[in-house]
Each structure stands twice: as structure tokens, then as C-alpha cells.
Amino acid sequence: MKTVLFHQLHVFLAVARLQSFRGAARELGVSTAAVSQSVRQLEEQLSVVLLNRTSRSVALTDVGRRLVEEAGPGLAQAAAALQGTSAQPGEVVGRLRLSVPRAAVPLLIAPVLPAFRARYPRVEVDVVVEQRLVDIVAEGYDAGVRLSETLERDMVQVRLTGAFRFVIVGAPAYLEARGTPERPEDLLRHDCIVLRSPTTGTPYAWELERGSKTWRIPMREGVSTNDELAGAALAAEGGGLAYVLEPAVQEQLLSGRLVRVLEDYAPTVPGFFLYYPSRAQRSKPLRLFVEAAKELAGRTG
């Protein structure tokens, strides 16, 4: 296969990752026309269509998505290997790109990342905070942090926290004015701050449990957000009840700004896990980050 194809593949992967010809051109330091030409030449030589383009958007075809999944990690490894040759003996050089939900930032990333960077200052770390479920392979991430319930089975999982609960919280002033719910059904008479899916916009039902019995409480329209910490902040100001991860509101609970309600119905989830594809274990920056995360999060994995 012609060597020039590797350059064109590199350009195509940049366009696919950024979903923009102009963005790829800025990143690669070339003109948009040069990027477009490289992608067109790659498609011509492979006799396939890799990208669907309109005046407003760029989207991968099925063939293009498969090429990203199969060629992207290998090219990234090759780039990391070339970059690593410039390191001094014993020095670690590389880059990590992490997908992290907002609730995990104060619990995991903020405590771990400064210490990791102090140990390995030449490892660049890009933390992308987003609430949606991400295909970390297709979108060019090295690893992600999620609740174990959301992980694909073919991923390596490393436990970073113990189990914790989802709790319903409200401000004392709100509860004094509106009363404290005693049963899950009572929530239907309260102002509940709705958490919506960041990808579909669908409101999440509040899941509760007690013994072997479970409840899914549908949320009526009112105040909604796609960020649970924003919901907790609104609840602390008396805006209603919010359904949140308990560790994420620990400070507000300790200070009394928020109070738990229906605590006997709070469901437990396994906790946060770092996850990554098995073939990524050969990346030294990722391996060292996993070790640091396990150590600094106080877990043995």
C-alpha cells in the first residue's frame, strides 16, 4: 500500500474526530482545501465513501466508522511511539484523553490529576467532561469514567470508589413550606427538578428501592436540567427536590443546606470505574494513570 495513504488516513481521522474539515485543518496546520483533497483521495483509492458532507455537518458512513474503530487506535499508538523516542531515559512522554461525567470531577479527577502530573509532567492529559454515554474507541479516548452499570462488557474495568447511593434532597426551607414526603408516591405532589438525558432529552424516572420492592417515579414537567449538580444547586436554593449521587452533595448535607428525604428508599449503585479497551493496556501513560488513580482513590482495583 502506498505510503501516502498513511498521511491521508491521519487527515481523515482528524476530520472524523473533530467532525469538521475546518477544525482538522486548524489542528494539522494546513488549508481546509488540502484536508478535503486528502480525504477525497483516500476515498478514491479505497473506492468507498467515508464521510457524508453537507454545508453544515460532517458524518461518518458505516465504512468510515469501521475504519476509525480499526485504524484509529493503531495510528495513535504509532504516534505515541514516535513521540516517546524523544523522552529522556526514565521519563514518560505521551498524552491521555479521558471522558468523565461531571459528578466524577470533584470526587476523582481533582484529587488524582495534580499528583499524577507532578509525577509525570510530560504526560499531557485532556479531560473532556460530558454526561452522555461515549464510545471511547470510536471517539478517540484512551479511557473513561462511568458507573459500572453503563460499561460495555469488552472493556477493562478498574474500581475507583466504593458503592454509594442516589438520594433525594431538598432545602430545609422548601421542606418546611411544602412538607416532607413519606412515601415514593408523595413525590408526585412536589416540585422535582428533572434530570434529562443529554443525548435524547428524555427525563429520567427516579428509581427507588426498599427491600425487594422497587419504584420508578415518572417526573412531571417543571424545572429540568441535563446536569445533576446544577439540579442540586437549585435544590439548595429552595427550588424543589433533586435526585443526586450522595457523595456529590456531601458538603451541602454536612452544612445543612440540603437534607435527605425518603432515605430508606435510596438505591445503591456499585460506584465509579475507570474503563478502557484491553488493547490500550500497552500504553505506558495510561498504565501509570491507572496505577495512580487506584492509589490516590484509596482502592486496590
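- Considering only heavy atoms from C-beta on, Val259 stays 4.5 Å or farther from Val169 through its side chain.
- The minimum heavy-atom distance between Val194 and Pro203, with the atom names listed, is CG1-CB, 3.3 Å.
- No path of Ile, Leu, Val, Met, Phe, Trp and Tyr side chains, each step under 4.5 Å between heavy atoms, connects Val49 with Val58, placing them in separate hydrophobic clusters.
- Val15 has its side chain out of reach of Ser20: every pair of non-hydrogen atoms, C-beta onward, lies at least 4.5 Å apart.
- Between Tyr174 and Asp191 there is a side-chain heavy-atom pair separated by less than 4.5 Å.
- For Glu130, the CD atom sits in a packed shell: over 12 heavy atoms of surrounding residues, nucleotides or ligands are nearer than 6.0 Å.
- Annotation: side chain of Arg165 is not in contact with side chain of Pro247 (no heavy-atom distance under 4.5 Å).
- Residues Arg119 and Glu295 are paired through a salt bridge, judged by an N-O separation under 4.0 Å between the basic side chain and the carboxylate.
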Derivation and outcome, side-chain contact (heavy atoms from CB on, under 4.5 Å), residues Val123 and Phe116: CA-CA 9 Å; Val123 176; Phe116 175 78; 3.9 Å; yes
Salt bridge (Lys or Arg N to Asp or Glu O under 4.0 Å) between Lys213 and Glu207, intermediate numbers included: CA-CA 11 Å; Lys213 190 174 181 180; Glu207 298 182 357; over 6 Å; no
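- When every heavy atom of Ala143 is checked against every heavy atom of Leu274, the shortest pair comes out as CB-CD1, 4.1 Å.
- Within 6.0 Å of CD in Glu251 there are 12 or fewer heavy atoms belonging to other residues, nucleotides or ligands.
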Working for salt bridge (Lys or Arg N to Asp or Glu O under 4.0 Å), residues Glu228 and Arg102: CA-CA 9 Å; Glu228 65 177 288; Arg102 187 182 174 198; over 6 Å; no
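- The structure places CG of Leu98 at 5.5 Å from CG of Leu96, a figure rounded to the nearest 0.5 Å.
- With values rounded to the nearest 0.5 angstrom, Arg260 atom CZ is found 13.0 Å from Leu175 atom CG.
- Around atom CD of Gln19, no more than 12 heavy atoms belonging to other residues, nucleotides or ligands sit under 6.0 Å away.
- The environment of CZ in Arg22 is sparse: at most 12 heavy-atom neighbours from other residues, nucleotides or ligands sit within 6.0 Å.
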Residues Asn52, Leu60; criterion side-chain contact (heavy atoms from CB on, under 4.5 Å); working and verdict: CA-CA 6 Å; Asn52 289 321; Leu60 287 165; over 6 Å; no
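- When hydrophobic clusters are built by joining Ile, Leu, Val, Met, Phe, Trp and Tyr residues whose side-chain heavy atoms come closer than 4.5 Å, directly or via intermediates, Tyr204 is not grouped with Trp215.
- Between Phe164 and Phe272, the angle of the ring planes lies from 30° to 60°, which puts this pair in the tilted group.
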Stepwise salt bridge (Lys or Arg N to Asp or Glu O under 4.0 Å) test for Arg97 and Asp126: CA-CA 5 Å; Arg97 190 164 183 255; Asp126 178 17; 3.5 Å; yes
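- Hydrophobic clustering places Leu147 together with Leu160 (ILVMFWY residues linked when any side-chain heavy atoms are closer than 4.5 Å, directly or through intermediates).
- Val167 is not listed as a side-chain neighbour of Glu263, based on a closest heavy-atom distance of 4.5 Å or more.
- Rounded to the nearest 0.5 angstrom, Glu246 CD and Leu253 CG are separated by 6.5 Å.
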Derivation and outcome, side-chain contact (heavy atoms from CB on, under 4.5 Å), residues Tyr265 and Ile168: CA-CA 9 Å; Tyr265 297 87; Ile168 300 172; over 6 Å; no
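- Salt-bridge annotation for Arg53 and Glu43: present, with a side-chain N of the basic residue lying under 4.0 Å from a carboxylate O of the acidic one.
- The shortest side-chain heavy-atom distance between Phe12 and Leu67 falls under the 4.5 Å cut-off.
- When all heavy atoms of Leu262 and Pro181 are compared, the pair lying nearest together is CD2-O, 3.6 Å.
- Side-chain heavy atoms closer than 4.5 Å link hydrophobic residues (I, L, V, M, F, W, Y) into clusters, and following such links, possibly through other members, connects Leu13 to Leu42.
- Side chains of Arg159 and Lys294 form no contact here, defined as non-hydrogen atoms less than 4.5 Å apart.
- In this structure, CG in Asp142 is found 8.5 Å from CD1 in Ile136, a value given to the nearest 0.5 Å.
- Both Val269 and Trp206 are part of a single hydrophobic cluster, where members link through side-chain heavy atoms under 4.5 Å apart.
- Scanning both residues, Ala235 and Ala242, for their nearest heavy atoms gives CB-CB, 3.8 Å.
- Looking only at distances, no side-chain donor or acceptor of Thr214 sits under 3.5 Å from a matching main-chain atom of Glu209.
- Atom CG of residue Asp186 and atom OG1 of residue Thr180 lie 10.0 Å apart, to the nearest 0.5 angstrom.
- Taking both residues in full, the closest heavy atoms of Thr225 and Ala230 are given as OG1-CB, 3.8 Å, listed atom of the first, atom of the second, then distance.
- To the nearest 0.5 Å, the span separating CD on Glu291 from CG on Leu286 amounts to 10.0 Å.
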Table please: side-chain donor-acceptor pairs of residues 104-115 below 3.5 Å, with sequence neighbours left out.
none

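- Residues meeting the side-chain contact (heavy atoms from CB on, under 4.5 Å) test with Ser36, sequence neighbours left out: Phe21, Arg40.
- Side-chain contact between Arg196 and Thr202: absent, with no pair of heavy atoms (C-beta onward) separated by less than 4.5 Å.
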Step-by-step side-chain contact (heavy atoms from CB on, under 4.5 Å) determination, Val100 to Val128: CA-CA 6 Å; Val100 181; Val128 180; over 6 Å; no
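- Counting all heavy atoms, side chain and backbone alike, Ile193 lies closest to Gly231 at CD1-O, 3.4 Å.
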